[in-house]
Every structure is written in C-alpha cells, then in structure tokens.
Amino acid sequence: MYYLGLDLGSLSCDAVLIDADANIMATSVVPTGAKNREAIARAQREVLELSGVAETDVAATVSTGYGRERVEKKIATVTEITCHGRGMEAMLPGTRVLIDIGGQDSKAIFLDGKGRVLDFAMNDKCAAGTGRFLEAMARALQVDIEELANLDQGAVSNLTLSSMCTVFAESEVVSLIAEGKEVNEIVAGLNRSIASRTLSMVRRVCPDLTGMALAMSGGVAHNQGVVRALSAALGVPVQVPEKPDTVGALGAALIARDRNGK
Amino acid sequence: MNEKRPAIGFTCAYTPLAVLEAAGFSGHRVLPTGGQWPDQAGRILHDNLCPHVKKVLDRALCNDLPELAGMVFMNSCDAMRRLYDAWIQVRPGEPALILDLPPMVTDRAIAFFAREVERMARSLGEWNNVEVTDDALAQSIGKYNQVADLFARVRVRAAEGTLSGGAPRLQELYNDASSQPFSETIARLEKVLTEAHGADPAAGGVQVFLFGNVLPDPGAVDLFTQCGARVVGDDFCTGSRLFAPLEVRDGEKPALALARSILNNPPCARTFDPEKPLALAQDLLERARACGAQGVIGHVLKFCDPYLARLPVVRETFKQAGMPLLLLEGDCSLGSIGQQRTRIEAFVEMLR
C-alpha cells in the first residue's frame with residue numbers, strides 16, 4: 001500500500017508518494033496557477049506515473065497547504081505547520097527550529113527534535129520576504145528568479161533595503177538601480193532584509209539557538225543567497241534538505257500512513 | 001414573556017446594567033456586528049483606532065440601531081471616549097451620558113465610581129421621569145445577580161459539553177441577554193437549563209480557554225469548534241465578563257455595592273494596578289487551569305492599546321507556567337478571524 005501527501009501552496013502544488021515503509025516513491029512540484037484543482041490532479045498524476053503505482057493502490061491521502069480543503073478523496077487535512085515539522089524530521093532528523101518560507105507566507109516552527117511542534121510563529125499578513133516578494137524583486141532586477149540565488153556573490157558593501165513592504169521594496173530596488181548600484185549588492189541587501197525579518201520570528205519561538213539544529217523548507221530554500229544570509233544573521237548554519245519544497249507534502253504522506261494504521 | 005421597556009444603548013461591559021433597569025429601561029448593547037453598511041466612521045475617527053468603536057459608530061451613522069431612549073458610554077479607554085465624542089456629533093439632540101471609570105481599584109476609586117453610578121441613576125431617572133430609589137436599585141441588582149447565577153450554570157453545562165449547541169450557542173445567549181430585560185433573560189436561561197443534555201458540536205475537541213476584548217459573533221466562536229477546539233471558558237467583554245456577579249454587603253448603599261463589585265470583577269486590560277502588574281495574566285492563567293484548558297487562545301482587537309500593553313506579560317507568564325498560548329489579532333469580523341484558521345488549526349494539532 002502507498003500513501004500520498006499533497007501540499008497545495010499559493011505558488012506550487014507538491015506531491016509525495018511513499019510506501020508502507022515510508023520510502024519515498026516519487027515527488028512532484030507543479031505550479032499552482034489559477035486553477036488549483038488542475039494542479040492537484042497534475043501533481044497526483046505525475047507521482048503515480050513516476051512511481052508506476054496505480055491510483056487504486058493509494059491507501060490514504062492527506063492534504064496540507066492553504067488550499068488543503070480543495071483536495072478530493074482525502075482522509076484528513078492537516079496544517080502545513082504540523083506537516084512541515086513531520087516532513088523535516090524525516091528529511092533532517094533532530095531539527096529543532098524550522099524556517100519555512102513559501103510563496104505567500106513565512107513561518108518559524110520550534111520542534112521537539114522528533115518532528116512534533118512545540119511552538120510556531122507565522123507571517124501571513126503580507127508577502128514581504130516570501131516567494132512572491134522575491135519574484136517581484138527579480139522582475140525589478142530583470143533577472144530570472146532562479147538567477148537570484150547566486151547573484152549576491154561578490155557583494156562587498158553592507159547595503160540594506162529600508163523597506164520590507166513588497167511594493168515599496170520594489171520601488172527602492174528601482175531607485176538603487178537608477179543610482180547605479182551593482183546588482184549583486186542589491187541582491188545581497190534583499191537577502192539580508194529577508195533574513196532580518198525572519199530572525200525576529202525565529203527569536204520569538206526560540207530565543208536561544210545555542211546547540212539547536214536549524215533547517216529551512218519551502219521554495220525559497222532553493223535560494224542559496226537567502227540561506228547564506230539567514231545563517232549569517234542567526235549565527236547558526238541553516239541546513240536545507242535535498243528537496244525543500246516537498247517537506248510539507250512528505251509530512252502529509254507520513255501522517256496519512258500513521259492514520260491508516262501503519 | 002415580553003416586558004416592554006424603552007431601551008438604552010451601551011457599548012462597554014463596565015456599564016452598570018442594574019441602573020438601567022432600576023430606571024425603568026432595558027439595556028441594548030450596540031454590538032459591532034452586522035456589516036451591511038459601508039465603512040463611514042473613518043471620516044470622523046482616525047484610521048488607527050479600535051475597530052470595535054468604529055463599527056459601533058458605523059451603525060449609528062447608518063441608522064442601523066433599534067429605537068433607543070439614550071446612550072450610556074463608559075470612559076473606559078481612549079477609544080470609548082472618542083466614540084462618545086463622535087456619537088454626540090452624529091446623533092445630536094439624543095440623550096447621551098458618559099461615566100468616568102477609574103483605571104485602578106482603590107477605596108477612593110470605588111467611592112468616586114459610586115458617585116458616578118449615582119449620577120447615572122439621576123440622569124436616567126430624569127430621562128424616564130422616575131426616581132431611582134435605593135430600593136429599586138437593590139431589586140435590580142438582585143435580578144442582575146439572578147442572570148449572573150443562571151449564566152454561571154449555563155457555562156458549567158457548556159464547559160462539560162452538555163449544552164446543546166455548545167460555545168457558539170452560549171455566545172448567542174450572551175448577545176441576546178445584552179439586549180433584553182433581565183426578566184426575559186431569566187426566563188430564557190431557566191428554559192435552557194431545563195433542556196435535556198444535548199450534543200456539543202465540539203465534543204472530543206482540544207479544550208481551550210479564550211480571552212480578549214470583543215468577540216460577539218457566534219460564527220467566530222464556531223470557527224474555533226470547526227478547527228477542533230472545544231471552548232471550556234472565556235474572558236471577553238462580550239462574554240462572561242458582561243454578567244459577572246455583584247456582591248452586596250449588609251447595610252451597603254446599592255450604588256457603592258455596584259461600584260465596588262464592577263471594579264473588582266474580572267477586569268478588562270484597561271483596569272490596571274501598577275502594584276500588581278501580573279494580576280491580569282495570573283487571573284487568566286488560574287481561570288484557564290480551573291476550566292481544565294489544554295491551551296489558551298487570546299483574540300484581541302487591532303489597535304487596542306490596553307491589551308497590547310499587557311500581552312507581553314501574559315505571554316511570559318503563560319510561558320513560565322507551561323500553558324500553551326496562541327495570540328490572534330482581529331477586527332470584530334468573521335472575515336478577519338477566518339484568516340487565522342491555519343494558526344488555530346495548527347495550535348489545536350500541537351495540543352493533541
């Protein structure tokens with residue numbers, strides 16, 4: 001028997017299929033787009049095709065993410081906070097502080113070292129510091145979002161962005177370009193701004209990071225520049241699993257397996 | 001039983017409701033609910049002001065009010081004072097009164113507030129052409145205490161999960177009671193207590209204690225239920241604080257008894273004793289524990305300075321006590337609390 005976890009986020013719909021021993025059979029990350037039911041179907045179809053598993057062999061599905069209620073044939077919906085905690089424990093065991101920066105919100109989750117949530121802080125009131133924010137900044141800098149990940153290399157100044165509002169920050173980036181600032185300096189400044197904002201959330205759930213293992217999930221974790229800035233701001237290395245955008249879906253799949261009596 | 005009495009509007013749980021009844025009126029709490037009207041208060045009150053106050057003013061601006069013989073305001077916080085100032089501008093010529101409410105509980109403060117209660121009694125008597133005697137006031141306090149006692153019993157039913165409809169229904173009962181004569185509330189609650197034990201929609205949920213300022217929408221309370229929580233107690237000015245029992249000592253003037261009891265009952269964050277800065281947090285913690293709560297959810301209105309000032313101490317006190325706490329911020333609407341759904345569900349999952 002197999003278990004499916006679906007994480008319907010604002011930017012991507014992620015699916016993870018596991019077997020009865022919790023081995024990952026396949027993963028899929030597809031853009032959510034405007035029709036999230038289609039994204040769900042596509043992600044689900046992809047993991048089944050990649051693994052060669054028949055849909056009838058999927059014993060249970062758990063959905064998570066902001067669109068978790070949209071998923072059909074699920075046995076339960078579980079918040080992304082719980083799922084990311086569970087998924088990260090499977091990917092990087094012993095993680096105590098988890099930073100999840102997704103498409104439209106960011107979270108700091110304090111774990112007990114076994115994947116169970118002890119506390120959390122969440123910013124879902126504005127897009128500042130999230131995937132949408134980075135998309136807007138990439139647009140202002142006229143680069144691909146993937147390129148942003150290493151554009152901070154070689155930056156030497158300590159340029160900071162005064163505003164973390166997505167709209168105002170975009171204007172500020174345009175102004176910095178007009179002033180002739182180098183792109184790598186601007187990108188490093190953006191990364192520091194995200195790190196600074198995330199730092200306050202992390203401190204709220206875990207004031208003392210001494211000896212704590214930190215990890216990051218969500219699509220923004222692909223951006224090594226942000227990860228470097230976070231590690232520098234926190235003073236602790238931030239680990240990133242191999243597929244950070246599938247952490248929530250993996251957690252959902254594991255919960256589906258648990259709840260189905262395995 | 002429909003007792004026809006002219007209604008007096010009020011907006012704060014510190015309002016001495018017994019005086020309204022003693023003067024021949026019934027209270028009508030102007031709740032920040034509804035919303036079929038456009039936001040207009042912003043042209044009178046600045047943007048960064050309590051949404052409770054602004055929604056109440058919106059109702060006045062849009063004539064979304066029943067027939068009222070007058071309004072009684074409490075000078076309980078700066079936002080309430082601003083509401084009174086705006087109200088007398090937008091509804092000129094209508095009787096309105098504001099009572100000063102001491103921020104601390106001392107003998108002098110109680111004596112001062114007793115004089116304010118007497119002033120209220122005189123004013124309301126003039127509005128209704130009656131004399132509010134001590135006997136009438138004592139009788140009214142007795143009826144209020146009957147309501148308080150009945151609510152205490154209904155709360156027990158809600159907490160043990162045998163009140164049909166659970167916490168959302170309890171909120172409906174609070175809302176109805178805040179806008180009808182005591183006698184009608186007494187009859188209603190007595191009937192509720194004779195009902196067979198019903199099913200609580202939140203049965204099996206994680207037991208939580210709610211606190212904050214204004215959360216009158218039963219739909220908002222129901223959202224906690226939908227998220228897997230079972231509300232076993234509350235501390236809201238639109239909930240249990242509205243009908244807290246009044247203590248009357250032998251030989252004490254009713255106005256003094258009212259003043260002393262109201263100031264000593266579970267406080268809003270606006271009442272603060274600088275010598276006991278932890279009092280609010282400790283009181284909430286004790287009450288949550290007494291209810292058997294597994295966690296506590298605080299829901300406070302945006303721009304509510306008194307609560308914002310107390311929350312760091314509440315957070316720290318709960319942390320030291322090992323009581324899980326989730327703090328939410330809203331604007332009185334179901335829409336704003338709906339946005340908090342993931343937080344509430346995650347909190348409940350954390351406590352399971």
Side-chain angles (χ1 to χ4, degrees), chain A residues 7-10 62-70 74 76-87 89 98 100 102-112 114-127 200-201 203-208 218 248 251-252 254-255 258-259, chain B residues 47-48 51 204-206 208 222-229 293-304 308 311-352:
Chain A
D7 181 357
L8 184 59
S10 62
V62 163
S63 60
T64 187
Y66 94 105
R68 56 191 177 276
E69 299 292 346
R70 300 279 292 163
K74 58 189 179 288
T77 60
V78 179
T79 64
E80 51 271 39
I81 293 164
T82 300
C83 287
H84 276 259
R86 186 67 201 280
E89 179 56 23
L98 168 56
D100 168 37
Q104 68 174 11
D105 65 20
S106 51
K107 309 172 194 82
I109 306 168
F110 187 42
L111 302 169
D112 67 352
K114 294 173 185 168
R116 191 175 163 78
V117 178
L118 296 178
D119 200 1
F120 63 91
M122 188 174 173
N123 166 37
D124 57 0
K125 289 183 180 171
C126 76
S200 61
M201 270 199 311
R203 294 277 187 223
R204 212 183 316 161
V205 298
C206 182
D208 183 5
L254 291 167
I255 291 168
D258 291 347
R259 294 198 181 178
Chain B
D47 286 341
N48 296 348
V206 168
V208 299
D222 189 45
L223 182 70
F224 292 103
T225 302
Q226 291 171 25
C227 291
Q294 296 165 262
V296 175
I297 300 177
H299 182 276
V300 297
L301 296 179
K302 197 160 179 60
F303 307 124
C304 177
L308 286 177
L311 288 181
V313 171
V314 171
R315 199 193 299 267
E316 191 54 34
T317 303
F318 278 50
K319 192 172 184 178
Q320 285 178 11
M323 176 63 84
L325 172 69
L326 174 70
L327 291 175
L328 307 173
E329 197 177 51
D331 70 354
C332 301
S333 73
L334 191 55
S336 76
I337 195 170
Q339 287 175 352
Q340 315 269 16
R341 193 180 185 114
T342 295
R343 281 186 175 82
I344 301 167
E345 285 185 7
F347 186 68
V348 167
E349 286 166 4
M350 191 178 91
L351 297 179
R352 279 198 193 281

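Since the model is a prediction, treat every value here as computed from it, not as a measurement. Here is how names work: the chains are called A, B, and so on, in the same order as the sequence lines, proteins then strands, and each is numbered from 1.
To the nearest 0.5 Å, the span separating CG on L118(A) from CE on M350(B) amounts to 7.5 Å. If you take OG1 on T82(A) and CZ on F347(B), they are separated by 12.0 Å, rounding to the nearest 0.5 Å.
Summarising the geometry of M122(A) relative to T342(B), their closest heavy-atom pair is CE-CG2, 3.8 Å, with the distance given to 0.1 Å. Closest of all the heavy-atom pairs between R204(A) and R315(B) is CD-NH1, 4.2 Å. The minimum heavy-atom distance between T79(A) and E349(B), with the atom names listed, is OG1-OE1, 2.5 Å. Counting all heavy atoms, side chain and backbone alike, I81(A) lies closest to A346(B) at CD1-CB, 3.5 Å.
Annotation: residues 318-327 of chain B contacts chain A through K319(B), L326(B) [non-hydrogen atoms, separation under 4.5 Å].
Salt-bridge annotation for E345(B) and R68(A): present, with a side-chain N of the basic residue lying under 4.0 Å from a carboxylate O of the acidic one.
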